[in-house]
Enquirer: 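Let me give you the structure first, and then I'll get to my questions.
Residue numbers start at 1 and run along the sequence shown.
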Amino acid sequence: RPGLLRPVSPTCRRSELRGDAGCDRRPRAGWSPPPPRAPVQTPPAQVISFLAAVLHKKGTREDIENNMPEFLLRRVKKEPTSSTIKKMFLIVAPLSVLYNWKDELDTWGYFRVTIVHGNKKDNELIRVRQRKCEIALTTYETLRLCLDELNSVEWSAVIVDEAHRIKNPKARVTEAMKALKCDIRIGLTGTILQNNMKELWCVMDWAVPGLLGSRIHFQKQFSDPVEHGQKHTATKRELATGRRAMRRLAARMSGCLLRRTKALISGQLPKKEDRMVYCSLTDFQKAVYQTVLETEDVTLILQSSKPCTCNSGRKRRNCCYKTNSHGEAVKALYFSYLAVLQKVANHVALLQAASTSRHQETLIKRICDQVFSRFPDFVQKSKDAAFETLSDPKYSGKMKVLQQLLNHFRKNKDKVLLFSFSTKLLDVLQQYCMASGLDYRRLDGSTKSEERLRIVKEFNSTQDVNICLVSTM
Ligand SMILES: [Zn+2]
């Protein structure tokens, strides 16, 4: 979908999905690394500002000196360091953004940060217990595994990113989060919890225990009346009761809930243009598509709701044409063929990708044999040089459009993020980049979380790397 060629960095997409202030804190002019500027009000940036304030950071060299070990500190500063207990904060985030947090903290301030995760976590936990850091970063999983160790430390506050993960009262992650000893709890989320009142209760009950009462109390006082009032059969009375309950709920939460929408920072974001580009099929795709339509199976599908030839008065699919010549039920073929046609329309090479089920795979193999027997040229070419064949734009209308777009962006030295749902298609795009001599980076499910940040940084700061292939999965 060329409409997805939007100039947002992958590290930002997350916040975009939150539907909040998210993105492009550092709009890129050309390729050069941008000068530091005030953080836009993304939730992480707000949290970092808050931490800087409560840790009395000055944003100067003084912060760095204060972060030195104490034996060094005494030489730098004459007066002894304050004897009050240092404040320590815990940030819990999904692994996919853990290193992002570290990077953001390092970008916007001088904090002593420890990552409690992976095989070095035992050493890091010792550091935490000795209070040698100001901020400890960890994942939901590590928190669950090391709850006792983390509970042996006095935290000034805990900040939980993607807090909607605490929405299920029975989940182990929720139990662990509720068992964490800390009175000041801050949760960040972009999921509209109001849509599901039970989930809202669970997250709020973690953040401010008891604020909304017990689950049963909450159901009686708030969620039942609100839900009854929302039914289209609701009486006037139910409607009024529902609205009153909603107002009471909003009032109850008003001191504990802070909403941030994109509108607040719209002035700080670069203008965004969304364009949908319709791409017609290439001649090759049309021929393959037509061949699929002419198969016995599709003919059976297309005629399945016509009256049967035996004059029974029933539809063909319920009478003499229930199955194809392989004994497969025609009804079961609909979605398989929809998927096949979708693949052809995207890129014929996708037919060769591994399918989700074994049944689908045998089906696709059969179709390929049938279809490609008409295109021996393509088959021979993909055997000889799969590499160039598959990435040749003449095999896909979208690739043709993309090729022109990429040429245009290349001239402008624009940064391009190329998203695809299918990693197989990313393979094709990758082959295209290699064949065209374009330097690229790639992020998908198999990219290690430690690697992601390096890849994003290289993409952002290297002049010749202007394409990043990203899997939406
Ligand atoms: Zn019949």
Side-chain angles (χ1 to χ4, degrees), residues 1-14 16-17 23-34 96-97 99-100 103 270 272-275 277 279 282 343 346-350 352-354 382 385-473:
R1 287 179 286 168
L4 284 173
L5 292 169
R6 289 207 315 255
V8 294
S9 85
T11 53
C12 287
R13 272 179 62 77
R14 183 171 65 87
E16 264 236 311
L17 294 174
C23 251
D24 285 61
R25 319 161 225 184
R26 299 168 234 172
R28 275 169 254 109
W31 56 271
S32 58
S96 55
V97 295
Y99 291 88
N100 234 61
D103 196 48
K272 190 169 99 179
E273 254 183 85
D274 279 318
R275 285 196 205 179
V277 182
C279 313
T282 62
K343 284 180 177 183
N346 273 316
H347 199 302
V348 178
L350 291 176
Q352 295 167 324
S382 37
F387 185 86
E388 286 105 33
T389 312
L390 300 182
S391 65
D392 189 328
K394 79 173 174 194
Y395 292 116
S396 160
K398 283 181 170 186
M399 285 289 288
K400 269 188 159 172
V401 173
L402 182 68
Q403 185 182 35
Q404 290 179 32
L405 281 170
L406 287 181
N407 285 342
H408 171 78
F409 291 134
R410 190 188 206 173
K411 267 184 220 144
N412 290 356
K413 295 217 155 129
D414 285 330
K415 295 280 185 187
V416 177
L417 292 175
L418 211 47
F419 292 97
S420 176
F421 186 74
S422 140
T423 47
K424 174 75 185 173
L425 197 64
L426 285 186
D427 291 345
V428 174
L429 293 169
Q430 187 171 342
Q431 284 164 2
Y432 172 78
C433 288
M434 283 155 80
S436 324
L438 296 165
D439 216 344
Y440 65 91
R441 291 293 180 272
R442 173 170 171 158
L443 292 167
D444 62 29
S446 62
T447 315
K448 285 187 183 140
S449 51
E450 303 93 292
E451 284 278 288
R452 290 177 192 208
L453 206 61
R454 184 183 58 77
I455 291 172
V456 171
K457 276 187 179 164
E458 274 175 10
F459 172 72
N460 280 340
S461 60
T462 314
Q463 183 176 12
D464 296 324
V465 182
N466 288 325
I467 299 178
C468 193
L469 307 170
V470 191
S471 140
T472 45
M473 296 284 268

Enquirer: If you round to the nearest 0.5 Å, how far is CD1 of Ile467 from OH of Tyr440?
Expert: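 Atom-to-atom, Tyr440:OH and Ile467:CD1 are 10.5 Å apart.
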Enquirer: Do Ser446 and Asp444 have a side chain donor and acceptor closer than 3.5 Å?
Expert: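 Ser446 vs Asp444: donor-acceptor pair found between side chains.
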Enquirer: Give the minimum heavy-atom separation between Asp414 and Asn466, together with the two atoms involved.
Expert: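 In terms of heavy atoms, the two residues are closest at O-CB, 3.5 Å.
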Enquirer: Is the CD atom of Glu458 crowded by more than 12 outside heavy atoms at less than 6.0 Å?
Expert: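 Above 12, so yes.
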Enquirer: Counting C-beta onward and ignoring hydrogens, is there a side-chain heavy-atom pair between Val428 and Leu350 closer than 4.5 Å?
Expert: no
Enquirer: Drop me the distance from Gln404's CD to Lys400's NZ, to the nearest 0.5 angstrom.
Expert: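 Reported to 0.5 Å precision, the distance equals 9.0 Å.
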Enquirer: Any side-chain heavy atom of Arg452 within less than 4.5 Å of one from Ser96?
Expert: yes
Enquirer: Can you name the closest pair of heavy atoms from Thr472 and Phe421 and give their distance?
Expert: OG1-CA, 3.1 Å
Enquirer: Do Lys398 and Asn346 pair up side chain to side chain, a donor and an acceptor below 3.5 Å, judged on atom types alone?
Expert: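 Judged by distance alone, the side chains do pair up.
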Enquirer: Would a 4.5 Å heavy-atom cut-off, applied to side chains only, mark Leu402 and Leu429 as touching?
Expert: yes
Enquirer: If we ignore hydrogens and angles and just use 3.5 Å, is the side chain of Ser436 paired with the main-chain N or O of Leu438 as donor and acceptor?
Expert: no
Enquirer: With side-chain contact (heavy atoms from CB on, under 4.5 Å) as the criterion, how do Arg442 and Asp427 come out once you've worked through the C-alpha distance, each side chain's angles and the decisive distance to 0.1 Å?
Expert: CA-CA 10 Å; Arg442 173 170 171 158; Asp427 291 345; 2.9 Å; yes
Enquirer: Check Ser396 against Thr282 and note the closest heavy-atom contact, atom names and distance.
Expert: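 Looking at all heavy atoms of both residues, the shortest contact is C-CG2, 3.5 Å.
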Enquirer: When rounded to the nearest 0.5 angstrom, what is the spacing between CZ in Arg454 and CG in Asp103?
Expert: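 Those atoms lie 13.5 Å apart.
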Enquirer: Under 4.5 Å between any side-chain heavy atoms of His408 and Asn412, yes or no?
Expert: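 Yes, their side chains come closer than 4.5 Å.
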Enquirer: Does the side chain of Thr447 come within less than 4.5 Å of Arg441's, by heavy atoms?
Expert: no
Enquirer: Using 0.5 Å steps for rounding, measure from the SG atom of Cys468 to the CG atom of Leu443.
Expert: 4.5 Å
Enquirer: Do side-chain atoms of Thr462 reach the backbone of Asp464 as a donor and acceptor pair under 3.5 angstrom?
Expert: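 No, Thr462 side chain to Asp464 backbone: no donor-acceptor pair under 3.5 Å.
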Enquirer: Could you check if a side-chain atom of Asn100 sits within less than 4.5 angstrom of a side-chain atom of Leu453, using non-hydrogen atoms only?
Expert: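 Result yes, sub-4.5 Å side-chain heavy-atom pair found.
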Enquirer: How long is the span from the CG atom in Leu469 to the OG atom in Ser471, to the nearest 0.5 Å?
Expert: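 Rounded to the nearest 0.5 Å, the CG-OG separation comes to 10.5 Å.
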Enquirer: Does a side-chain heavy-atom distance below 4.5 Å link Phe459 with Lys415?
Expert: yes
Enquirer: With heavy-atom distances below 4.5 Å as the criterion, would you say the side chains of Leu425 and Met399 are in contact?
Expert: no
